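What you see is a predicted model; the values in this text were computed from it and never measured. These values consider heavy atoms only, across backbone and side chains, with no hydrogens, waters or symmetry-generated copies.
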Amino acid sequence: MTDRGRVPHASPSPSPSRSPSSGKAAGGDVLRGGPRRSHVRTGVPFALLLPALLGLAFLLLPLVALLVRAPWHSLPEQLTSPEVWQALRLSLVCATAATALSLVIGVPLAWLLARTDFPGRGLVRALVTLPLVLPPVVGGVALLLALGRNGVVGQWLDSWFGITLPFTTTGVILAETFVAMPFLVISVEGTLRAADPRYEEAATTLGASRFTAFRRVTLPLIAPGIAAGAVLAWARALGEFGATITFAGNFPGRTQTMPLAVYLALQSDPEAAIALSLVLLAVSIAVLAGLRDRWMTAS
């Protein structure tokens with residue numbers, strides 16, 4: 001007898017069989033947020049590989065030649081000679097003083113560009129970064145026309161205070177500051193733009209002045225950017241040549257820095273020039289090693 005009022009139960013459709021390994025893999029992919037992406041290695045086209053290798057060789061060959069031809073046996077003697085030591089000492093002192101001056105006037109300038117909005121801010125930023133692309137010799141000529149004895153400002157410094165800046169150690173510091181400070185300003189301004197301004201606003205609402213908020217809140221936040229910019233500025237000041245020789249001259253013991261000493265030594269003592277070049281190379285490598293975490297990211 002057939003039960004017409006009862007709906008027959010449909011047998012469940014067989015589910016596709018899954019192996020334990022596939023279920024484990026699927027569960028692992030879900031836990032990891034999706035399927036894994038396999039790294040596909042593709043061949044490098046020869047039309048790109050050859051120019052890339054040529055470019056790498058072009059950049060490395062001069063450095064390798066410098067290391068191969070270096071007078072390693074007489075290097076300590078070369079670096080301790082009076083002329084080389086004078087250039088080393090003067091370069092270190094002037095580069096450090098230029099970096100300190102850049103910090104004093106460059107950090108407030110970076111804060112002004114990053115935190116305030118005023119007419120012509122884009123033009124001011126372009127003028128600040130102009131020394132980056134300006135030929136250093138042109139920068140030295142501009143400094144000479146501005147701060148020389150007959151310069152726009154230098155004539156008043158000479159007549160009123162008896163201050164003469166060209167062809168002095170102070171002139172070296174000013175020339176290095178002119179070409180190095182934009183590196184600091186750009187680094188600090190980028191760090192300030194990345195920092196959250198609400199911390200400063202919270203400090204001002206709690207009664208702190210703008211300067212106190214900058215000193216107690218902003219400076220600790222942007223300290224890594226300031227350090228990176230200071231290192232870049234110091235390295236750029238240490239290697240400055242064009243603006244220095246144009247504005248300050250090349251007087252041993254007074255304005256002759258390491259790049260100027262290298263240029264002069266090439267004409268009379270090539271081994272001393274190579275020794276000084278090795279010092280500048282070591283400084284450049286140290287700067288890159290110190291900033292590797294800021295410039296390079298792990299793949």
Side-chain angles (χ1 to χ4, degrees), residues 59-60 62-63 66 87-115 124-140 142-143 170-195 214 218-248 257-262 276-298:
L59 294 176
L60 293 181
L63 303 180
L66 183 64
L88 281 170
R89 181 183 58 82
L90 185 64
S91 294
L92 294 175
V93 170
C94 290
T96 304
T99 304
L101 182 59
S102 299
L103 286 170
V104 172
I105 61 180
V107 173
L109 178 58
W111 182 89
L112 184 70
L113 293 175
R115 286 288 190 264
V124 173
R125 182 179 293 110
L127 293 176
V128 168
T129 57
L130 184 61
L132 295 176
V133 297
L134 192 69
V137 175
V138 177
L143 287 172
T170 305
V172 176
I173 296 173
L174 293 178
E176 293 180 353
T177 303
F178 179 78
V179 300
M181 190 174 68
F183 290 90
L184 174 72
V185 174
I186 290 177
S187 178
V188 176
E189 183 188 359
T191 307
L192 279 168
R193 290 185 178 276
F214 172 77
T218 307
L219 278 182
L221 287 175
I222 65 173
I226 294 177
V231 172
L232 286 174
W234 186 82
R236 181 64 184 88
L238 190 68
E240 169 52 31
F241 175 81
T244 303
I245 196 172
T246 306
F247 182 64
T257 57
M258 282 196 294
L260 275 63
V262 170
L276 283 172
S277 300
L278 286 175
V279 174
L280 293 175
L281 178 62
V283 170
S284 302
I285 294 175
V287 169
L288 289 178
L291 297 178
R292 67 185 184 275
D293 293 334
R294 186 173 181 84
W295 284 355
M296 304 177 185
T297 56

Residue pair [X] / [Y]: nearest heavy atoms and the distance that separates them:
{"X": "A114", "Y": "E189", "value": "CB-CG, 3.9 Å"}
{"X": "W111", "Y": "L192", "value": "CA-CD1, 3.4 Å"}
{"X": "L184", "Y": "A233", "value": "CB-CB, 4.3 Å"}
{"X": "P224", "Y": "P220", "value": "CD-O, 4.4 Å"}
{"X": "V172", "Y": "C94", "value": "CG1-SG, 3.7 Å"}
{"X": "A175", "Y": "F247", "value": "CB-CD2, 4.4 Å"}

Side chains of P259 and T244: does their closest heavy-atom pair fall under 4.5 Å?
->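 Sidechains of T244 and P259: no contact.
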Distance, nearest 0.5 Å, that separates [atom1] of [X] from [atom2] of [Y]:
{"X": "L90", "Y": "L260", "atom1": "CG", "atom2": "CG", "answer": "9.5 Å"}
{"X": "R125", "Y": "L127", "atom1": "CZ", "atom2": "CG", "answer": "11.5 Å"}
{"X": "L101", "Y": "L174", "atom1": "CG", "atom2": "CG", "answer": "7.0 Å"}

side-chain contact (heavy atoms from CB on, under 4.5 Å) between I186 and L132: does it pass, once the steps are laid out?
-> CA-CA 10 Å; I186 290 177; L132 295 176; 3.2 Å; yes
What residues form a side-chain contact (heavy atoms from CB on, under 4.5 Å) with [X], not counting sequence neighbours?
{"X": "V179", "result": "R236, E240, A243"}
{"X": "I226", "result": "L103, V107, V188, L219, I222"}
{"X": "A98", "result": "I173, E176, T177, A237"}

Is there a donor-acceptor contact under 3.5 Å from the side chain of S187 to the main chain of F183?
->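 No, S187 side chain to F183 backbone: no donor-acceptor pair under 3.5 Å.
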Is a side-chain N or O of S91 found less than 3.5 angstrom from the main chain of M258, in a donor-acceptor match?
-> yes
So which of T99, L92, T96 actually passes side chain to side chain contact (heavy atoms under 4.5 Å, CB included) with L238?
->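 Of T99, L92, T96, side chain to side chain contact (heavy atoms under 4.5 Å, CB included) with L238 is met by L92 alone.
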